[in-house]
Chemist: 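The structure's right below; bear with me while I get my questions together.
Remember, predicted model here, so these are calculated numbers, not experimental data. Numbers here are sequence positions counted from 1.
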Amino acid sequence: MTAQPVEAAHDAPLASPAAGAAGVTRSGAVRIDGIDALRGLVIVLMVLDHVRDFFHATAFTADPMALDSGNPALFLTRWVTHLCAPTFVFLAGLSVWLQKANGKSPGDLSRFLLTRGLWLLVLEFTLIGVGFNFGWWIFAQVIWAIGFGMIVLAALHRLPRNLVLALGVIIIAGHPALNLIAPSAFGPLEPLWRALAVRGPFPTDAGLLLVVYPAIQWTGILLLGYGLAGFLTDSGGLRRGRVMLFAAGFLTLFAVGRGFNLPGFDTVPWTMQESPLWSVFSIISANKYPPSPAYVLLTLGLAFVLLLVLDRLRGPVTGVFLTFGRTPLFTYLLHIWVAHALAVAVGMALGVPPSAFIDTITDPSRLIELGWGFSLPWVYVAWAAVLILLYPLSRWFEGVKRRRRDWWLGYL
């Protein structure tokens with residue numbers, strides 16, 4: 001099929017779905033199986049990461065990616081989940097472009113992005129934060145970053161797409177320099193800067209808000225997804241040749257920048273280790289908090305490779321990925337409570353009081369004193385159990401979204 005020119009997508013809706021696309025979303029955007037499957041895969045990996053937080057023996061006492069741990073399996077278990085957040089955020093921006101390219105009016109799109117962004121902030125600071133901690137600390141994590149990015153894009157989507165793309169690149173490449181500036185240098189804007197750009201507790205070390213994902217830095221990735229969407233997709237689905245080109249380009253830039261330890265490319269230079277394996281691990285240990293340019297290039301480069309594979313892959317496993325990928329927010333909300341509740345249930349069966357699982361993120365001392373935690377193989381068993389519990393619920397909600405067009409479904 002002849003590809004629709006990228007420039008035309010600014011002015012004309014995409015054509016009806018063709019081979020490689022799987023119908024349309026609720027908003028009328030082309031539904032591309034590969035994108036849904038990729039989103040579903042990273043949800044599956046995200047569940048693994050959070051199950052490890054709740055179940056692993058050293059979850060609260062050791063860095064799983066420490067280069068002196070001597071545990072490659074634990075390192076890789078944590079490292080592979082680094083794909084999740086940047087892929088989520090990038091695809092959120094890409095999905096906004098697909099809505100616009102399919103004819104959603106600027107006013108309607110701005111209203112939706114503003115209200116959806118605010119709704120995500122509400123969820124982050126209520127159901128999500130409480131579900132993670134069973135306590136009263138407020139966490140600013142990936143949903144906070146996506147919500148803030150949508151609010152920003154509610155205004156920026158009216159600009160030329162290439163300008164939005166350039167802004168995303170500038171944020172990703174330039175924010176490491178901003179991190180060198182002390183928050184106090186922003187004067188009366190220091191509280192705002194700390195809330196949006198500095199990882200850690202806010203407003204003080206004993207504050208109520210814990211910023212895990214600085215919103216400004218992650219918004220750069222969302223803008224990148226919006227800006228690249230027109231290059232990567234058209235009315236027939238993915239432009240596979242271009243996705244392959246970007247995958248090669250991102251990974252090559254990572255290899256060059258990381259290989260030479262270019263200044264500002266990552267916060268921690270890689271070093272030679274005692275074995276070749278751990279030297280490789282040092283190279284791929286790019287900084288996530290906040291996302292360094294090396295981290296963004298590596299994770300998104302790998303995400304593009306996975307997108308190419310999943311776009312052609314068929315079978316029952318892909319079907320599971322599609323179900324999770326078509327109900328991302330619903331599944332995200334649900335998995336937190338399911339995983340945490342399963343940890344409480346297992347703990348009660350082993351004599352650990354439920355009170356020990358309250359405020360575990362900010363004060364895990366009670367669980368540590370009780371010796372809570374399991375070896376890595378048992379973490380994988382718990383991961384499988386959570387996925388088994390989640391799938392029928394996500395499958396049911398996928399059917400609801402397919403059959404109905406209630407406005408509120410667009411917010412779940």
Chemist: Determine whether more than 12 heavy atoms belonging to other residues, nucleotides or ligands lie under 6.0 Å from atom CZ of Arg158.
Modeler: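 Counting neighbours around CZ of Arg158, more than 12 heavy atoms of other residues, nucleotides or ligands fall under 6.0 Å, so yes.
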
Chemist: Does Asp359 have any side chain to side chain donor-acceptor pair (under 3.5 Å) partners at least two apart in sequence or in another chain, and if so, which?
Modeler: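 Partners of Asp359 by the side chain to side chain donor-acceptor pair (under 3.5 Å) criterion, ordered by chain and then number, come out as Asn133, Thr362.
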
Chemist: From Tyr226 OH over to Leu98 CG, what is the distance, rounded to the nearest 0.5 angstrom?
Modeler: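 Between atom OH of Tyr226 and atom CG of Leu98 there are 10.5 Å.
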
Chemist: If you take all heavy atoms of Gly149 and Leu222, which pair is closest and at what distance?
Modeler: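 Reported closest heavy-atom pair: O-CD2, 3.9 Å.
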
Chemist: Run the salt bridge (Lys or Arg N to Asp or Glu O under 4.0 Å) test against Arg366 and tell me which residues pass, sequence neighbours left out.
Modeler: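 Arg366 satisfies salt bridge (Lys or Arg N to Asp or Glu O under 4.0 Å) with no other residue.
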
Chemist: Could you tell me which residues satisfy side chain to side chain donor-acceptor pair (under 3.5 Å) with Thr219, sequence neighbours excluded, listed by chain and number?
Modeler: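 Partners of Thr219 under the side chain to side chain donor-acceptor pair (under 3.5 Å) test: none.
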
Chemist: For Ser69 and Met65, indicate whether the former's side chain and the latter's backbone hold a donor-acceptor pair under 3.5 Å.
Modeler: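 Judged by distance alone, no pair lies under 3.5 Å.
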
Chemist: With a 4.5 Å limit on heavy-atom distance, are the side chains of Trp270 and Ile284 in contact?
Modeler: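 Not touching, per the 4.5 Å side-chain cut-off.
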
Chemist: In Å, rounded to the nearest 0.5 Å, how long is the span from CD1 of Ile358 to CG of Asp363?
Modeler: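 It comes to 11.5 Å.
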
Chemist: Backbone N or O of Lys104 within a donor-acceptor pair of the Gln99 side chain at under 3.5 Å?
Modeler: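 No; zero donor-acceptor contacts below 3.5 Å.
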
Chemist: Whether the side chain of Ser110 engages the backbone of Pro106 through a donor-acceptor N/O pair (distance < 3.5 Å, no angle test) should be reported.
Modeler: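 Present.
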
Chemist: Looking only at heavy atoms, which two atoms of Phe324 and Ile43 are closest? And how far apart?
Modeler: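 Heavy atoms only, the tightest pair is O-CD1, 3.3 Å.
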
Chemist: Which residues pass the side-chain contact (heavy atoms from CB on, under 4.5 Å) test with Ser279, sequence neighbours left out?
Modeler: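 Testing Ser279 for side-chain contact (heavy atoms from CB on, under 4.5 Å), a comparison that skips the adjacent residues, returns Met272, Gln273.
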
Chemist: For residues Val164 and Leu153, determine if any side-chain heavy atom of one lies less than 4.5 Å from a side-chain heavy atom of the other.
Modeler: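 The answer is yes, as the side chains (C-beta and beyond) meet within the 4.5 Å cut-off.
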
Chemist: Using side-chain heavy atoms (C-beta onward) and a distance below 4.5 Å, is Thr58 in contact with Leu74?
Modeler: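 Answer yes - side chains close enough.
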
Chemist: Which heavy atom of Pro72 sits nearest to which heavy atom of Gly70, and what is that distance?
Modeler: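 Heavy atoms only, the tightest pair is CD-O, 3.4 Å.
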
Chemist: Passes ring-ring contact (aromatic ring centres under 6.0 Å, His included), Phe148 versus Tyr213? Steps please.
Modeler: CA-CA 11 Å; Phe148 178 84; Tyr213 285 72; over 10 Å; no

Chemist: Apply ring-ring contact (aromatic ring centres under 6.0 Å, His included) to Trp337 and list each qualifying residue two or more places apart in sequence or on a separate chain.
Modeler: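 ring-ring contact (aromatic ring centres under 6.0 Å, His included) list for Trp337, sorted by chain: Phe134.
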
Chemist: Run the ring-ring contact (aromatic ring centres under 6.0 Å, His included) test against Phe54 and tell me which residues pass, sequence neighbours left out.
Modeler: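 By the ring-ring contact (aromatic ring centres under 6.0 Å, His included) rule, Phe54 matches His340.
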
Chemist: Parallel, tilted or perpendicular: which describes the rings of Phe125 and Trp144, with under 30° parallel and over 60° perpendicular?
Modeler: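 The arrangement is tilted - the two ring planes meet at 30° to 60°.
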
Chemist: Between Val305 and Leu251, does the side chain to side chain contact (heavy atoms under 4.5 Å, CB included) criterion hold? Intermediate values first, please.
Modeler: CA-CA 10 Å; Val305 173; Leu251 293 177; 4.2 Å; yes

Chemist: Would a 4.5 Å heavy-atom cut-off, applied to side chains only, mark Thr81 and Met46 as touching?
Modeler: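 No, too far: nothing below the 4.5 Å cut-off.
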
Chemist: Which atoms form the tightest heavy-atom contact between Pro86 and Leu300, and what is the distance?
Modeler: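 Smallest interatomic distance, heavy atoms only, reads O-CD2, 3.7 Å.
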
Chemist: Do you know the tightest heavy-atom contact between Val296 and Phe250?
Modeler: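 Heavy-atom minimum between the residues: O-CD2, 4.5 Å.
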
Chemist: Any salt bridge (charged side-chain N to carboxylate O under 4.0 Å, His left out) pairs touching residues 244-273, not counting sequence neighbours?
Modeler: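 Matches after skipping sequence neighbours: Arg258-Asp266.
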
Chemist: To the nearest 0.5 Å, what is the distance between CG (Leu76) and CG (Leu376)?
Modeler: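 If I round to the nearest 0.5 Å, the distance is 10.0 Å.
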
Chemist: Rounded at 0.5 Å granularity, tell me how far NE2 in His50 sits from SG in Cys84.
Modeler: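 So the NE2 of His50 and the SG of Cys84 are separated by 8.0 Å.
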
Chemist: According to the interplanar angle, ranging from 0 to 90°, do the rings of Tyr332 and Phe88 count as parallel (below 30°), tilted (30 to 60°) or perpendicular (above 60°)?
Modeler: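 Tyr332 vs Phe88 ring planes: perpendicular.
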
Chemist: Just do the side chain to side chain contact (heavy atoms under 4.5 Å, CB included) check on Leu118 and Ile151 with the steps written out, would you?
Modeler: CA-CA 7 Å; Leu118 291 172; Ile151 293 171; 3.8 Å; yes

Chemist: Pair Leu109, Val96 - check side chain to side chain contact (heavy atoms under 4.5 Å, CB included), show working.
Modeler: CA-CA 8 Å; Leu109 186 56; Val96 173; 4.2 Å; yes

Chemist: Looking at every non-hydrogen atom in both residues, tell me the closest pair between Leu302 and Trp79 and how far apart they are.
Modeler: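 Between these two residues, the closest heavy atoms are CD1-CH2, 3.8 Å.
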
Chemist: Under the salt bridge (charged side-chain N to carboxylate O under 4.0 Å, His left out) definition, can you give me all pairs with a residue in residues 67-89, not counting sequence neighbours?
Modeler: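 Listed by first then second residue: Asp49-Arg78.
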
Chemist: Considering only heavy atoms from C-beta outward, does the side chain of Val47 approach that of Trp383 to under 4.5 Å?
Modeler: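 Val47 reaches Trp383 side chain to side chain.
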
Chemist: Would you please name every residue forming a salt bridge (Lys or Arg N to Asp or Glu O under 4.0 Å) with Glu398, sequence neighbours left out?
Modeler: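 With neighbours one apart ignored, the set is Arg326, Arg395.
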
Chemist: Once salt bridge (Lys or Arg N to Asp or Glu O under 4.0 Å) is applied, do any residues pair with Arg199, and if so which ones, sequence neighbours excluded?
Modeler: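 Salt bridge (Lys or Arg N to Asp or Glu O under 4.0 Å) list for Arg199, sorted by chain: empty.
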
Chemist: What is the distance from atom CG of Leu67 to atom CZ of Phe281, rounded to the nearest 0.5 Å?
Modeler: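 Leu67 CG to Phe281 CZ: 9.0 Å, rounded to 0.5 Å.
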
Chemist: Side-chain contact, heavy-atom cut-off 4.5 Å: Phe321 with Val317?
Modeler: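 Side-chain contact under 4.5 Å: yes.
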
Chemist: Under the criterion side-chain contact (heavy atoms from CB on, under 4.5 Å), which of Leu329, Leu120, Thr115, Leu123 is the partner of Tyr411?
Modeler: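 Only one of Leu329, Leu120, Thr115, Leu123 forms a side-chain contact (heavy atoms from CB on, under 4.5 Å) with Tyr411, namely Thr115.
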
Chemist: Any side-chain heavy atom of Val346 within less than 4.5 Å of one from Trp372?
Modeler: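 With C-beta onward as the side chain, the pair touches.
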
Chemist: What I want to check is whether the side chains of Ser394 and Thr331 have a donor and an acceptor closer together than 3.5 Å.
Modeler: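 Yes.
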
Chemist: Does some side-chain heavy atom of Asn287 sit less than 4.5 Å from a side-chain heavy atom of Tyr295?
Modeler: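 Side-chain contact under 4.5 Å: no.
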
Chemist: Which class fits the ring pair His335 and Phe132: parallel under 30°, tilted 30 to 60°, perpendicular over 60°?
Modeler: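 It falls in the perpendicular class, over 60°.
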
Chemist: Would the distance check show the side chain of Thr360 and the main-chain N or O of Ala356 forming a donor-acceptor pair, the cut-off being under 3.5 Å?
Modeler: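 Not at all, since once roles are kept as given, no pair shorter than 3.5 Å links the two residues.
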
Chemist: Phe254 and Ile283: side chain to side chain contact (heavy atoms under 4.5 Å, CB included), yes or no, with the steps?
Modeler: CA-CA 10 Å; Phe254 168 80; Ile283 292 172; 4.3 Å; yes

Chemist: With Asp63, which residues qualify under salt bridge (Lys or Arg N to Asp or Glu O under 4.0 Å), at least two apart?
Modeler: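 Result, salt bridge (Lys or Arg N to Asp or Glu O under 4.0 Å) vs Asp63: none returned.
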
Chemist: Rounded to the nearest 0.5 Å, how far does CG of Leu238 lie from CD1 of Ile35?
Modeler: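 Between atom CD1 of Ile35 and atom CG of Leu238 there are 5.5 Å.
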
Chemist: Establish, yes or no, whether the cationic atom of Arg161 lies under 6.0 Å from the six-membered ring centre of Phe231 and within 45° of the ring axis.
Modeler: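 Pair Arg161/Phe231 counts as cation-pi.
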
Chemist: Determine which pairs satisfy ring-ring contact (aromatic ring centres under 6.0 Å, His included) with at least one residue from residues 150-194, sequence neighbours left out, and list them in order.
Modeler: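 Sorted result for residues 150-194: Phe186-Trp193.
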
Chemist: So which of Thr233, Leu232, Asp234 actually passes side-chain contact (heavy atoms from CB on, under 4.5 Å) with Arg239?
Modeler: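 Of the listed options, the one satisfying the test is Asp234.
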
